[in-house]
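Small disclaimer: the values here were computed from a predicted structure and weren't measured. Worth knowing before you read on, the calculation uses all heavy atoms, side chains too, and leaves out hydrogens, waters and symmetry mates. Ligands are counted one by one from 1 in listed order, and the atoms in each one are counted from 1 as well.
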Amino acid sequence: MDLKDCKVLLVDDIKANTALLKKLLKSDYQIDTVNDGKDALHYIESSLPDLVLLDIVMPDIDGYEVCQQLKADERSKDVPIVFITSLNEEGDEYKGLKLGAIDYITKPFNKNIVRARVRNHLITKKQSDLLKNLSNLDGLTSISNRYCFDNYLNNEWQRAMRSDEPLSLILMDIDFFKQYNDHYGHLAGDDCLKQVAQSLDCSIKRSTDFVARYGGEEFVAVLPKTSSDDAIILAEIFRKNIEKLVIKHEFSSTEQHVTISLGVATMIPERNTLPQLLIEAADRNLYKAKESGRNQVKR
Ligand SMILES: [Mg+2]
């Protein structure tokens with residue numbers, strides 16, 4: 001397994017310690033170092049490492065606190081943490097492991113053992129990433145699947161509720177896809193689905209925007225912090241980009257090529273409500289788009 005791209009974050013308030021570890025690991029992995037707990041949290045907010053080697057005794061925010069905060073956050077909870085510390089009481093180790101760290105190394109350490117443990121943890125991390133990816137991807141189109149969409153929408157619904165910000169959703173359907181399959185065959189149908197999925201996935205630019213296969217010939221986009229007007233703009237981009245593919249469809253009653261219909265809905269979630277509300281609203285608007293002649297956006 002290639003681990004060269006693995007990112008390891010070293011956290012220790014004593015620079016000599018991070019320097020020593022860096023020297024030990026830098027030929028095998030991408031290494032970054034920070035020298036206090038606050039910087040560690042700040043770093044991980046913008047970029048997720050594959051492993052954190054974390055000192056415990058540090059001024060202000062100590063290693064336990066850093067671990068606790070990372071494990072409490074949905075985004076960073078799966079980042080493996082190894083405590084590396086001069087605290088060598090069993091109680092300290094127990095506390096660290098109970099907070100969710102996968103390992104506990106005491107100083108002074110044996111260099112070879114540290115290198116071997118880091119390697120083992122990174123292999124496990126990579127394998128778990130791979131499984132997570134497989135379970136989140138649609139087998140045919142390789143974009144996110146329904147399961148991944150449900151999780152993403154739930155999280156963003158909660159986030160939008162807390163921050164009192166609009167969340168938009170676009171539900172999309174390939175026009176006359178049954179006729180496409182009937183006339184061109186299922187292999188061509190699969191190929192059409194792949195092309196549409198790739199086009200939609202390439203049309204989003206913000207890292208928080210999300211596209212998934214919703215089922216059959218239906219696709220969905222989740223757009224956090226997005227007003228209704230901005231969602232309409234993106235929906236139009238989706239629609240036009242599918243037209244630009246010019247996938248021949250002589251059996252469509254709309255155009256001579258494949259088109260999509262889109263329903264857009266935007267809400268600021270209220271307390272104790274479910275994201276199903278947003279999906280239903282988008283679905284009603286998708287229905288309107290179809291009723292009005294397809295190949296168009298409705299909200
Ligand atoms: Mg320290």
- Can you list every pair that meets ring pair (Phe, Tyr, Trp, His ring centres under 6.0 Å) and has a residue in residues 37-66, with sequence neighbours left out? Tyr64-Phe83
- Task: Under the side-chain hydrogen bond (donor to acceptor under 3.5 Å, both in side chains) rule, collect the residues that match up with Arg115, sequence neighbours excluded.
- Result: Asp28
- Task: Please indicate how many protein N/O/S atoms are found closer than 2.8 Å to the Mg ion (ligand 1), with waters neither displayed nor included.
- Result: 3
- Contacts satisfying ring pair (Phe, Tyr, Trp, His ring centres under 6.0 Å) that involve residues 184-226 (not counting sequence neighbours) are Phe149-Tyr214, Tyr152-Phe210, Tyr180-Tyr184, Tyr184-Phe251
- Check whether the side chains of Arg213 and Asn145 place a donor and an acceptor atom closer than 3.5 Å, and report yes or no. no
- Message: Would the distance check show the side chain of Gln296 and the main-chain N or O of Ser292 forming a donor-acceptor pair, the cut-off being under 3.5 Å?
- Response: yes
- Task: Would you mind telling me which of His121, Lys126, Lys125, Gln30 makes a side chain to side chain contact (heavy atoms under 4.5 Å, CB included) with Cys6?
- Result: Lys126
